[in-house]
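Notes to accompany the following structure.
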Amino acid sequence: MTSLTHLDDDGRARMVDVGAKPVTRRVAIAEGRLETTAEVVALVRSDGLKKADVLPTARIAGISGAKKTSELIPLAHIVPLDAVSIDFGFEERAVTIRATASTTARTGVEMEALTAVAIAGLTLHDMVKAVDPAAQLGGIRLVEKRGGKRGHWRADASPDPVDPAHHPGSATVLVVSTRAAAGTAEDTTGPVIVDWLRERGFDVDEPVVVPDVDVADAVRRAVAGSPSVLLTTGGTGVNPGDRTPEATLAVLDQELPGVAEAIRSAGRAATPTAALSRALAGVAGRTIVVNLPGSRGGVGDGLRVLDELLPHLLDQVAGGDHAPRDSQRQDGGADA
């Protein structure tokens, strides 16, 4: 059994010294649930409780709780939070709570994510107790974390070092277009990407189409599903509503600026305005994430670039070695 790091050699509680650890991007996801009645669930969903704004209030409380974690838990470090988000779901007799916390630091944010769930859940309990004083908050647990010594860990993973939640041949396509989501414009890029992926053996569903305002939640949900590849299209320009790069950066553990620049370069050969693209590429856990432009031509340029890079990139993310010696450059250099 591994020794407990919060105890010294004499069994006394201590604060772990993390000064020698590297600064890396770390993400933690926690969840919990408030068991209640079907009537309360309906009231929460419709904002029909006497204490109004139930979910926004619980969300703000959870975020505030995450920020105060080091004050509430004696041996927790003060962590500079990059972001905290809280999502709610509904079952017949329960409200589910899911918190995602991220930081760029020497230690993780598991406790911040767990605290966010607990405080959001307690706030929900306070809001519904007049209708259901028997409501029960429980099931609070860490479900996933990325970064640090363990790399990518999931609660539902087996002891085998290969993450069973990661599907080596799966892919997700996310179309970011307010007009397409509203049905006032046709999605002309998503199907092209899906066909391209299927031709290369990926298991991929039909494109997910979301408005620009929902891109952050959509990217976060897609990455939580641990596909091998997440390709987005749209929302990469300088229009005030374009937020795909920001949503992507929030989930990345590593950026791949060379991939993004190669796609921009391919686009510039035909369309000078491709230089205005703010698209990103990188790795989130074991998922390769690439932003593609929102036009069919731009998507075609990007896919041609990925045709050459994606197989090797997938191998690298899965832990493979560099390309065989006879396939490397004649100057003896290894592939990145």
Side-chain angles (χ1 to χ4, degrees), residues 165-212 214-237 242-245 247-248 251-252 256 258-271 273-274 277-318 320:
H166 173 75
H167 311 293
S170 66
T172 299
V173 176
L174 180 62
V175 178
V176 185
S177 169
T178 300
R179 291 191 301 157
T184 59
E186 181 184 2
D187 169 25
T188 61
T189 56
V192 171
I193 301 172
V194 167
D195 289 345
W196 183 88
L197 288 164
R198 287 175 177 168
E199 288 172 1
R200 284 150 185 81
F202 285 91
D203 178 13
V204 55
D205 292 330
E206 293 304 305
V208 178
V209 183
V210 299
D212 291 87
D214 292 336
V215 63
D217 287 341
V219 168
R220 192 166 59 249
R221 286 195 299 269
V223 168
S226 293
S228 294
V229 177
L230 167 60
L231 299 183
T232 75
T233 172
T236 61
D242 292 336
R243 305 299 294 172
T244 302
T248 301
V251 302
L252 292 183
L256 297 171
V259 174
E261 185 52 42
I263 294 173
R264 268 188 289 274
S265 180
R268 283 199 303 270
T271 308
T273 54
S277 171
R278 299 185 300 115
L280 298 178
V283 180
R286 292 176 63 194
T287 298
I288 297 166
V289 185
V290 180
N291 299 154
L292 296 174
S295 65
R296 282 179 64 95
V299 164
D301 294 333
L303 294 180
R304 281 189 289 275
V305 171
L306 291 178
D307 223 0
E308 299 179 357
L309 300 178
L310 194 54
H312 183 55
L313 185 53
L314 285 165
D315 179 66
Q316 290 287 287
V317 171

Chi angles and distances behind the side chain to side chain contact (heavy atoms under 4.5 Å, CB included) call for L303, D301: CA-CA 6 Å; L303 294 180; D301 294 333; over 6 Å; no
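Listed by chain and number, the residues in a salt bridge (Lys or Arg N to Asp or Glu O under 4.0 Å) with E186 amount to none (sequence neighbours excluded). Qualifying side chain to side chain contact (heavy atoms under 4.5 Å, CB included) partners for L256, counting only residues two or more places apart in sequence or in other chains: V259, A281, V283, L313. Partners of V305 according to the side chain to side chain contact (heavy atoms under 4.5 Å, CB included) rule, which considers only residues two or more places apart in sequence or in another chain, are A262, I263, A266, L309. Among residues two or more places apart in sequence or in another chain, the side chain to side chain contact (heavy atoms under 4.5 Å, CB included) test is passed with A279 by T236, R264, S277, N291. For R268, the side chain to side chain donor-acceptor pair (under 3.5 Å) partners two or more places apart in sequence, or in a different chain, are E261. The side chain to side chain contact (heavy atoms under 4.5 Å, CB included) test applied to A222 returns T172, L230, not counting sequence neighbours.
With hydrogens and angles disregarded, no donor-acceptor distance shorter than 3.5 Å links the side chain of T271 to the backbone of A274. Panel note: side chain T287, backbone P227; a donor-acceptor pair is recorded below 3.5 Å.
The heavy-atom pair separating R296 from T188 by the smallest distance is NH1-O, 3.1 Å. Here the closest non-hydrogen pair linking A216 and A247 is CA-CB, 3.6 Å. In this structure, D187 and T189 approach most closely via the heavy-atom pair OD1-N, 3.2 Å.
Within the structure, salt bridge (Lys or Arg N to Asp or Glu O under 4.0 Å) contacts touching residues 220-234 (residues at least two apart or in different chains) are D87-R220, D217-R220. Within the structure, salt bridge (Lys or Arg N to Asp or Glu O under 4.0 Å) pairs that include any residue of residues 225-236 do not occur (at least two apart or interchain). Under the salt bridge (Lys or Arg N to Asp or Glu O under 4.0 Å) criterion, no residue pair touches residues 227-237, with sequence neighbours excluded.
The shortest distance between side-chain heavy atoms of L197 and L231 falls below 4.5 Å.
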Pairs under 3.5 angstrom only: tabulate donor-acceptor contacts from the side chains of residues 174-185 to other protein residues two or more places apart or in another chain.
residue	atom	partner	partner atom	Å
S177	OG	A180	N	3.1
T178	OG1	D212	N	3.2
T178	OG1	D212	OD1	2.7
T184	OG1	R179	O	3.2

Using distance only, find each side-chain donor-acceptor pair of residues 199-209 under 3.5 Å and give its atom names and separation, not counting sequence neighbours.
residue	atom	partner	partner atom	Å
R200	NE	D307	OD1	2.9
R200	NH1	W196	O	2.9
R200	NH2	D307	OD1	3.4
R200	NH2	D307	OD2	3.1
E206	OE2	R198	NH1	3.4
E206	OE2	R198	NH2	3.0

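Atom-to-atom distance recorded for D315:CG and L310:CG is 11.0 Å, nearest 0.5 angstrom.
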